[in-house]
A.B. asks: 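Before I ask anything, let me first share the structure, which is written out below as structure tokens.
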Amino acid sequence: MPSIAEQLSRVLGDAFASLELPRELGRVTPSKQNPERFPFQCNGAMPAAKQAGKPPREIAQAVLDRIAGDALIEKAEIAGPGFINLLPAAAAINARAAEIASDDRAGAPQVSEPRKVMIDFGGPNVAKPMHVGHLRSSVLGDSLQRLFRFRGDTVISDIHLGDWGLQMGHLITELEEEQPDLPYFDAAITEGYPSEPPVDIEDLARLYPQASRKAKEDADRLAKSRRATAELQAGRAGYRALLRHFIDVSVAALKKDFGDLGVHFDLWKGESDVNDLIDGLVADFKARGVAEESEGAWVVRVARDGDKKELAPLILVTSEGSSLYGTTDLATILDRKQSVGPDLTLYVVDLAQSDHFEQVFRAADKAGLAPEGSLEHVKFGTVNGTDGKRLRTRDGGTFRLADLIASAIERADQRLKEAGLAADVGAEEHDRVARMVGLAAIKFADLQNYRTTNYVFDLDRFTSFEGKTGPYLLYAAVRVKSLMRRAAEAGVEPGPISAEAAEERDLVLALDAFGAALEQACENRAPNAICDHAFTLAQAFSKFYSACPILSAETEAVKRSRLALAEATLKQLELCLGLLGLEAPERM
RNA sequence: GUCCCCGUAGCUCAGGUGGAUAGAGCACGAGAUUCCUAAUCUCGGGGCCGCAGGUUCGAAUCCUGCCGGGGACACCA
């Protein structure tokens with residue numbers, strides 16, 4: 001059964017069609033005007049007026065005449081210039097509630113033709129610890145993979161580590177300056193390297209910025225890193241061995257960070273994994289004339305007539321002979337085409353890289369690797385400090401993601417103790433709850449903004465637990481769980497739903513809007529639509545919960561109806577939480 | 001200089017494929033707990049939707065220009 005809005009749209013669409021007007025004009029949407037009396041409205045009469053050559057109110061009246069007596073509609077009236085206001089019949093609302101209550105998906109539709117969707121997280125660089133900027137790609141990308149999966153698509157997610165470019169040359173040469181005697185730097189040695197890595201994650205975090213700083217001031221130092229990068233890519237054994245160490249050390253740290261965040265990847269591939277494809281790809285591009293030589297480098301020209309802006313060519317091979325991230329991106333597209341064959345690939349990467357992806361997508365299209373439209377840059381804005389500038393710590397350094405997570409969990413822990421909650425469950429469970437609450441606060445605070453906005457990161461706000469926050473959603477879910485336990489003790493079972501009170505009806509209508517929110521979130525690649533829906537739902541539940549006694553309701557029938565309503569809410573709320581990567585504890 | 005993103009309440013942000021009186025949270029003020037979790041609920045004040053034009057029956061939403069903020073413009077990622 002479709003949503004109430006869709007059912008109404010069908011009825012109104014039929015009415016418009018029978019008047020020889022486009023069916024789409026019958027589209028019914030939730031009304032913000034006076035939702036108490038008329039929760040839905042249809043605006044089709046106004047645009048119809050022009051083509052029909054009649055006043056909009058007259059058309060609206062004709063539509064009303066056609067839908068008169070339809071069992072779905074309790075009351076309809078014309079307002080203003082020709083708005084059609086609609087009140088669905090109580091029976092229709094109850095029927096929809098019953099369906100949502102019995103449906104595993106809580107009323108959410110699935111796609112009829114599943115696609116293969118690849119999600120590229122534009123991975124963190126090996127060598128750099130995760131900072132708050134990574135929060136967005138991780139949390140956003142994770143929510144998107146959950147959304148598309150829930151929608152019925154097949155999703156393959158890939159962290160796509162940055163482990164093949166100049167930063168590796170920086171690391172190698174910087175390590176050599178510190179420890180020149182390591183066997184990796186002796187070109188005469190080609191095997192038998194130590195199995196233990198010569199560095200830990202803190203070393204990597206120090207070495208990279210150190211080298212990067214030097215290279216900015218010293219052209220020779222930069223040239224040295226470039227040479228090392230080219231040698232690494234050409235296969236120098238000691239450098240390859242070091243690369244392996246760097247990746248292992250880095251991946252271990254990243255797995256912990258992502259594990260803490262609850263973010264999962266199907267593939268932990270990186271740029272270096274497509275190395276073997278690069279020579280062939282470059283040769284092929286040259287042979288087919290896709291690539292051409294320019295200033296000692298091999299490039300793919302991607303500018304087009306009619307471009308508003310002159311787009312630079314994509315550099316495939318540098319004059320040094322090494323490949324850049326455009327090269328590995330193209331090779332990765334080839335790799336995925338051969339191994340996965342995705343219908344759609346989403347790159348969840350910040351919007352500063354818009355031009356880069358435009359270049360890559362055009363080059364991929366030009367070379368016949370992937371048609372335009374099958375590759376999409378899901379861009380997002382920066383995370384700023386309260387001063388509006390890119391977020392930094394007090395001393396100007398980057399803000400580590402792990403520190404943010406830790407402070408949010410600590411705040412949640414304090415809050416639990418203050419309230420004397422989760423005290424009787426044991427220390428381990430208490431910590432688990434604090435983690436869930438802290439993470440919910442961070443993730444929701446990040447996801448509730450539309451992705452392209454640059455938003456202000458305020459630790460206090462991020463770890464606040466009141467109002468439109470992750471913990472509010474958890475709290476609503478926890479109250480229902482607690483209620484369900486009490487109901488079981490009292491022997492009350494959920495029964496047929498009959499929404500009588502305004503709060504009950506509003507709750508059903510909130511539940512009914514899930515499918516539309518899901519659709520919007522997927523189409524726009526914007527989980528904030530789910531944040532909004534989940535919050536509206538939780539709010540509708542809180543109102544219902546405070547206005548309508550459940551276990552102490554007057555009759556058994558009302559008890560059972562309200563309990564069923566609460567249970568349906570819990571189910572949908574937990575689905576929403578799951579789509580956002582949040583999890584509700586049993587109690588908090 | 002060219003191009004991209006953005007400008008909505010004191011603060012942080014939704015809404016943006018055009019619809020009626022522009023929303024939420026925080027903050028501020030007032031209230032609600034013999035009863036299922038008060039991390040809750042109820043009520044209130046608070047707005048030239050950056051500015052100016054245009055299209056339209058109707059513009060926060062679409063178009064143009066300007067102002068302001070952020071970002072990108074071939075051998076970093």
Side-chain angles (χ1 to χ4, degrees), chain A residues 29 31-34 41 43 46-47 49-50 55-56 79-83 85 122-123 125 128 162 164-167 169-170 212 215 222 225-226 229 271 294-297 299 307-320 322 324-326 328 349-356 358-359 379 381-382 384 386 388-390 415-416 419 421 437 445 448-450 452-456 458 460-461 464-469 471-472 474-476 478-487 490 528-529 531-532 535-536 539 542-543 545-547 549-553 562-563 566 587-588:
Chain A
T29 55
S31 172
K32 288 177 185 170
Q33 200 46 224
N34 51 358
Q41 69 181 78
N43 304 330
M46 274 94 68
K50 191 168 281 175
F83 298 104
N85 288 330
N125 273 339
K128 297 186 197 167
W164 196 239
L166 181 66
Q167 78 267 30
H170 274 330
S212 175
L222 177 60
S225 288
R226 284 214 180 115
T229 307
E271 296 168 336
S294 170
E295 296 173 33
V299 304
D307 279 351
K308 282 186 172 179
K309 143 186 210 187
E310 197 180 333
L311 199 60
L314 179 141
I315 294 177
L316 204 60
V317 183
T318 69
S319 47
E320 194 76 42
S322 52
L324 296 178
Y325 77 140
T328 52
V349 180
D350 72 289
L351 56 81
Q353 295 192 40
S354 299
D355 284 359
H356 166 73
E358 188 65 39
Q359 290 174 323
K379 50 190 93 169
T382 57
N384 296 334
T386 40
K389 306 274 186 192
R390 234 172 240 260
R415 190 61 193 271
L416 285 170
L421 293 170
V437 174
Q448 70 166 313
N449 300 309
Y450 183 70
T452 57
T453 33
N454 299 337
Y455 72 87
V456 174
D458 178 354
D460 286 339
R461 204 161 49 78
S464 124
F465 303 145
E466 269 111 51
K468 192 171 183 178
T469 62
Y472 176 94
L474 264 44
Y475 181 70
V478 163
R479 287 208 288 194
V480 188
K481 291 188 181 191
S482 169
L483 180 69
M484 300 312 294
R485 283 193 297 269
R486 299 230 171 206
N528 73 313
C531 290
D532 252 15
F535 180 67
T536 305
Q539 225 175 13
S542 289
K543 287 177 187 182
Y545 186 83
S546 62
I550 299 163
L551 298 180
S552 55
R562 289 181 176 167
L563 191 62
R587 51 194 98 216
M588 63 186 267

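To find a chain, count down the sequence lines: A is the first, B the second, and so on, and within it residues start at 1.
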A.B. asks: Please tell me if A/Gln353 has a side-chain N or O lying less than 4.0 Å from either OP1 or OP2 of B/G71.
C.D. replies: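 For A/Gln353, the contact criterion (side-chain N or O under 4.0 Å from OP1 or OP2 of B/G71) is not met.
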
A.B. asks: With a 4.5 Å cut-off on side-chain heavy atoms, are A/Gln353 and A/Tyr325 touching?
C.D. replies: yes

A.B. asks: Roughly how many Å is it from NZ in A/Lys468 to C1' in B/A27, rounded to a whole number?
C.D. replies: 17 Å

A.B. asks: Contact between A/Val349 and A/His356 at the side-chain level, heavy atoms closer than 4.5 Å - yes or no?
C.D. replies: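 Heavy-atom side-chain distance check fails, nothing below 4.5 Å.
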
A.B. asks: For A/Lys50, report the nucleic acid contact type (base, sugar-phosphate, nothing); a contact means any heavy atom under 4.0 Å.
C.D. replies: sugar-phosphate

A.B. asks: Considering only B/C76, B/C75, B/G25, which nucleotide approaches the side chain of A/Phe535 most closely?
C.D. replies: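 Nucleotide nearest to A/Phe535's side chain: B/G25.
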
A.B. asks: Once you apply a heavy-atom cut-off of 4.0 Å, does A/Leu551 come out as touching a base, just sugar-phosphate, or nothing?
C.D. replies: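 Since a base atom lies under 4.0 Å of A/Leu551, the category is base.
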
A.B. asks: Heavy-atom distance under 4.5 Å between the side chains of A/Asn43 and A/Phe83, does that happen here?
C.D. replies: yes

A.B. asks: In whole Å, measure the gap between the C1' atoms of B/G25 and B/A9 for me.
C.D. replies: 12 Å

A.B. asks: Tell me what A/Ser546 touches on the nucleic acid: a base, only sugar-phosphate, or nothing, going by heavy atoms under 4.0 Å.
C.D. replies: sugar-phosphate

A.B. asks: Just to be sure I understand the rule, does A/Ser482 reach a base, reach only the sugar-phosphate, or reach nothing, if contact means heavy atoms closer than 4.0 Å?
C.D. replies: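 It contacts base atoms.
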
A.B. asks: Would A/Gln448 and A/Asp532 satisfy side-chain contact (heavy atoms from CB on, under 4.5 Å), going step by step from the backbone distance to the final call?
C.D. replies: CA-CA 7 Å; A/Gln448 70 166 313; A/Asp532 252 15; over 6 Å; no

A.B. asks: What is the distance, to the nearest angstrom, from the CZ atom on A/Arg415 to the C1' atom on B/U40?
C.D. replies: 11 Å

A.B. asks: Could you measure between the two P atoms, the one in B/G23 and the one in B/U34, and give it in whole Å?
C.D. replies: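 Their P atoms lie roughly 34 Å apart.
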
A.B. asks: May I ask you to say what A/Gln359 touches in the nucleic acid, namely base, sugar-phosphate or nothing, with a heavy-atom cut-off under 4.0 Å?
C.D. replies: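 Counting heavy atoms under 4.0 Å across all strands, no contact is made by A/Gln359.
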
A.B. asks: Quick one: is the NZ or CZ of A/Arg479 closer than 6.0 Å to the six-membered ring centre of A/Tyr545, and within 45° of its axis?
C.D. replies: yes

A.B. asks: For a quick test of reading the model: is some side-chain N or O of A/Tyr325 closer than 4.0 Å to OP1 or OP2 of B/A77?
C.D. replies: no

A.B. asks: For a 4.5 angstrom cut-off between non-hydrogen side-chain atoms, does A/Val437 reach A/Arg415?
C.D. replies: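 No, every pair of side-chain atoms sits at 4.5 Å or beyond.
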
A.B. asks: C1' atom, B/U8 versus B/G68: distance in rounded Å?
C.D. replies: 15 Å

A.B. asks: Over how many whole Å does the gap from A/Asn449 atom CG to B/U8 atom C1' extend?
C.D. replies: 14 Å

A.B. asks: Please tell me which of A/Pro549 and A/Ser322 maps to the more 5' nucleotide of RNA chain B, matching each residue to the nucleotide holding its nearest heavy atom.
C.D. replies: A/Pro549

A.B. asks: Which listed nucleotide (B/C76, B/C73, B/U40) is nearest to the side chain of A/Leu324?
C.D. replies: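 Among the listed nucleotides, the one closest to the side chain of A/Leu324 is B/C76.
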
A.B. asks: Under 4.0 angstrom, heavy atoms only, what part of the nucleic acid is A/Tyr472 near: base, sugar-phosphate, or nothing?
C.D. replies: sugar-phosphate

A.B. asks: Please tell me which of the listed nucleotides, B/C41, B/C36, B/C5, lies nearest to the side chain of A/Leu351?
C.D. replies: B/C5

A.B. asks: So do the side chains of A/Arg226 and A/Leu166 get within less than 4.5 Å of each other, counting heavy atoms only?
C.D. replies: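 A side-chain contact under 4.5 Å exists here.
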
A.B. asks: CG of A/Asn384 versus P of B/C5: gap in Å, rounded?
C.D. replies: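 After rounding, the reported distance stands at 18 Å.
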
A.B. asks: Assuming nearest nucleotide by heavy-atom distance, tell me which of A/Ala547 and A/Thr452 is located more 5' along RNA chain B.
C.D. replies: A/Thr452

A.B. asks: In whole Å, what separates the C1' atom of B/U56 from that of B/U61?
C.D. replies: 13 Å

A.B. asks: Which part of the nucleic acid, if any, lies within reach of A/Lys309 when heavy atoms closer than 4.0 Å are counted: base, sugar-phosphate only, or nothing?
C.D. replies: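 The answer is base, as A/Lys309 lies within the cut-off (heavy atoms under 4.0 Å) of a base atom.
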
A.B. asks: Please give, in whole Å, the distance from B/A39 P to A/Phe465 CZ?
C.D. replies: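 The distance from CZ of A/Phe465 to P of B/A39 comes to 13 Å, rounded to the nearest Å.
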
A.B. asks: When the P atoms of B/A14 and B/A24 are considered, how many whole Å apart are they?
C.D. replies: 16 Å

A.B. asks: Picking from B/C5, B/U40, B/A77, which would you name as closest to the side chain of A/Tyr475?
C.D. replies: B/U40

A.B. asks: Polar atoms only, N or O, under 3.5 Å: list the protein pairs with nucleotides 15-20 of chain B and their distances.
C.D. replies:
unit_1	atom_1	unit_2	atom_2	d
B/G15	OP1	A/Asn528	ND2	3.4
B/A20	O2'	A/Gln33	OE1	2.8
B/A20	O2'	A/Gln33	NE2	2.9
B/A20	N6	A/Asn85	OD1	2.5
B/A20	N1	A/Asn85	ND2	3.3

A.B. asks: Any donor-acceptor pair under 3.5 Å joining the side chain of A/Gln539 to the base of B/A24?
C.D. replies: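 Flag unset: no donor-acceptor pair detected.
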
A.B. asks: Determine the contact category for A/Ser294: base if any of its heavy atoms lies under 4.0 Å from a base atom, sugar-phosphate if only primed atoms, P, OP1 or OP2 are that close, otherwise nothing.
C.D. replies: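 Base, at least one base atom sits under 4.0 Å.
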
A.B. asks: Which of the following nucleotides, B/C5, B/C36, B/A77, is nearest to the side chain of A/Leu483?
C.D. replies: B/C36

A.B. asks: In whole angstrom, give me the gap between the C1' atoms of B/C43 and B/C62.
C.D. replies: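 Approximately 39 Å lies between the C1' atom of B/C43 and that of B/C62.
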
A.B. asks: Among B/A14, B/C36, B/C5, find the nucleotide with the atom closest to the side chain of A/Thr453.
C.D. replies: B/A14

A.B. asks: Please report the distance separating the P of B/C35 from the corresponding atom of B/G15, rounded so that it comes out in whole Å.
C.D. replies: 41 Å

A.B. asks: Does A/Arg479 put a side-chain nitrogen or oxygen below 4.0 Å from OP1 or OP2 of B/A38?
C.D. replies: yes

A.B. asks: Less than 4.5 Å apart, side chain to side chain, heavy atoms only: is that true for A/Thr382 and A/Asp350?
C.D. replies: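 In short, these two side chains do not touch, never coming nearer than 4.5 Å.
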
A.B. asks: Where is the tightest heavy-atom contact between A/Pro549 and A/Ser552, given as atom of each residue plus distance?
C.D. replies: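 Smallest heavy-atom distance, with atoms named: CB-OG, 3.4 Å.
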
A.B. asks: Under 3.5 Å for both distances, Watson-Crick or G-U wobble, that's the pair rule; now give the dot-bracket for RNA chain B, with | marking pairs to another strand and [ ] for crossing ones.
C.D. replies: (((((((..((((.....[...)))).(((((.......))))).....(((((..]....))))))))))))....

A.B. asks: I want to check something: taking the side chain as every heavy atom from C-beta on, are A/Tyr472 and A/Ser542 in contact at a cut-off of under 4.5 Å?
C.D. replies: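 Of all side-chain heavy-atom pairs linking A/Ser542 with A/Tyr472, at least one is under 4.5 Å.
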
A.B. asks: Does any part of the side chain of A/Leu314, heavy atoms only, come nearer than 4.5 Å to the side chain of A/Leu324, both counted from C-beta?
C.D. replies: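 The answer is no, as the side chains (C-beta and beyond) never meet within the 4.5 Å cut-off.
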
A.B. asks: Once you apply a heavy-atom cut-off of 4.0 Å, does A/Val317 come out as touching a base, just sugar-phosphate, or nothing?
C.D. replies: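 Nothing: the residue A/Val317, judged by heavy atoms under 4.0 Å, touches no strand.
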
A.B. asks: Walk me through it: do A/Met484 and A/Leu563 pass the test side-chain contact (heavy atoms from CB on, under 4.5 Å)?
C.D. replies: CA-CA 8 Å; A/Met484 300 312 294; A/Leu563 191 62; 3.9 Å; yes

A.B. asks: Rounding to an integer number of Å, can you tell me how far A/Glu310 CD sits from B/U2 P?
C.D. replies: 14 Å

A.B. asks: Roughly how far apart, to the nearest Å, are B/G69 and B/A27 at atom C1'?
C.D. replies: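 Result for the C1' pair: 25 Å, nearest Å.
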
A.B. asks: Expressed as a whole number of angstroms, how long is the span from A/Lys481:NZ to B/A39:C1'?
C.D. replies: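 Rounded to the whole Å, the gap is 16 Å.
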
A.B. asks: With heavy atoms under 4.0 Å as the rule, sort A/Leu166 into base, sugar-phosphate or nothing.
C.D. replies: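 Sugar-phosphate: the residue A/Leu166, judged by heavy atoms under 4.0 Å, touches backbone atoms but no base.
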
A.B. asks: Does A/Arg486 have a side-chain nitrogen or oxygen under 4.0 Å from the phosphate oxygens OP1 or OP2 of B/U37?
C.D. replies: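 Looking at the OP1 and OP2 atoms of B/U37, one of them is under 4.0 Å from a side-chain N or O of A/Arg486.
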
A.B. asks: Reckon A/Ser319 touches a base, only the sugar-phosphate, or nothing at all at heavy-atom distances under 4.0 Å?
C.D. replies: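 Since a base atom lies under 4.0 Å of A/Ser319, the category is base.
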
A.B. asks: Would you give the length of the straight line joining atom OG of A/Ser482 to atom CE of A/Met588, rounded to the nearest 0.5 angstrom?
C.D. replies: 12.0 Å

A.B. asks: What is the distance, to the nearest angstrom, from the CG atom on A/Leu474 to the P atom on B/U37?
C.D. replies: 16 Å

